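One structure below.
In this text, all values refer to a predicted model and were calculated from it rather than measured experimentally. Counting starts at 1 for both ligands and their atoms, in listed order.
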Amino acid sequence: MGTATLHIDLDAIVANWKALAAKSAPGVDTAAVVKADAYGLGAGHVARALYRAGCTQFFVAYPEEAATLRETIGQNPQINVFSGHMAGDTDMISDLNLVPMLNSIEQMTRHFEALPDQPFGVQLDSGMNRLGLEPSEWTAARDIVMAQGPKLLMSHLACADEPDSPSNARQLAQFVEMTEGLGVPRSLSATGGILLGSDYHFDVTRPGIGLYGGLPFGDAQSVVRLSVPVVQTRDVAAGEFVGYGRAFTAETPTRIATIAAGYADGLIRAIGGSAVAFAGEVPCPLAGRVSMDLITVDITHLDDTPTHLDLLCEAQSVDDLAASADTIGYEILTSLGARYTRRYGNA
Ligand SMILES: *Cc1c(COP(=O)(O)O)cnc(C)c1O
């Protein structure tokens, strides 16, 4: 087996979804965000597992992302689209029976003219200034929009992963002011917002990263294990270098394992500085630069030559790997490449 294997634990994803759902009151509906192919882990597999576990509402970024979802989970679950109703989306929204989160007056006009009977939601901008209607636009449009019967009013928090940020309470107050008393289900919180407490939960929560084992859900079960085969080992004498740019020089006799994954697989070059690979429980430092398809690892301290080294595992989460590259777990997860053999089951 030449390629690395990405083990994806669907039971852990379901357990994380249940754990996040348990943080809200019983009446709150916990949806699942499966955009970007479920953060790179396979939207079809993930959505099927969550649907079987009782999840009935899903969010994607674009209508195209809903096509495989409909095939795997059927017609019943509600699939909401964050990007709303863009030009060219009409047929897909109608054929796949999607619920666009309308973001602007332009999108509303398009939707009400093209698909007057198709359910929709509204995304409101409570301060992030990325998507959604501004408070003044909402004030002007609200009566007309309410007459069309929106299924959901939503907004998104900019700093939910920083519990002490004053932005959270400000956005909450703005959202309440825009939506209070309208009698329409509301949604404000992704993973971070769920952890901010029940004031932030409203009727529907929308976790993504927490399902997949990432921060800010620190209590999440580990979901992925990335196991990379050793292609070759060699003994390097003191003074010899390893890899591009001579970035590693052996100070003493060193045993190097070359493993079969690289930056083309989402293991970005920046992890080279401080990430490690694991032989079971034993950490082994990376030696030199990450190449496109290969990584060199110092295994001098191991008694036996391993067949595989793990780059993601219980001991090194996506957030640990991200920290070594000065990025976030979201970026590591969504970058994991198409070359891996994917195994679904227990990680
Ligand atoms: C991606 C996204 C989510 C999920 O966020 P997580 O931080 O991954 O839980 C929820 N809502 C919106 C609008 C998003 O774009």
Quick one: list whatever passes salt bridge (Lys or Arg N to Asp or Glu O under 4.0 Å) with D293, sequence neighbours left out.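 Per chain and number, D293 pairs via salt bridge (Lys or Arg N to Asp or Glu O under 4.0 Å) with R339.
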Using the ring pair (Phe, Tyr, Trp, His ring centres under 6.0 Å) criterion, which residues pair with H85? Sequence neighbours excluded.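 Listed in chain order: H111.
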For residues 53-63, dump all side-chain donor-acceptor pairs below 3.5 Å to protein atoms at least two apart in sequence or in another chain.
from: Q57; atom 1: OE1; to: Q78; atom 2: NE2; distance (Å): 3.4
from: Q57; atom 1: OE1; to: N80; atom 2: ND2; distance (Å): 2.9
from: Q57; atom 1: NE2; to: D29; atom 2: OD2; distance (Å): 3.0

Atom of I209, atom of Y39 and distance for their closest heavy-atom approach: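 Where I209 meets Y39 most closely, the heavy atoms are N-CE2, 3.5 Å.
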F175 and F202 aromatic centres sub-6.0 Å: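 Yes, the ring of F175 comes within the 6.0 Å limit of the ring of F202, centre to centre.
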Expected output: side-chain S335 to main-chain G266 donor-acceptor under 3.5 Å: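 Side chain of S335 to backbone of G266: no pair is present.
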Given a heavy-atom cut-off of 4.0 Å, could you list the residues near ligand 1 in chain and number order?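 Under the 4.0 Å cut-off, ligand 1 touches V33, K35, Y39, F82, R130, M154, H156, A190, T191, R206, P207, G208, I209, Y330.
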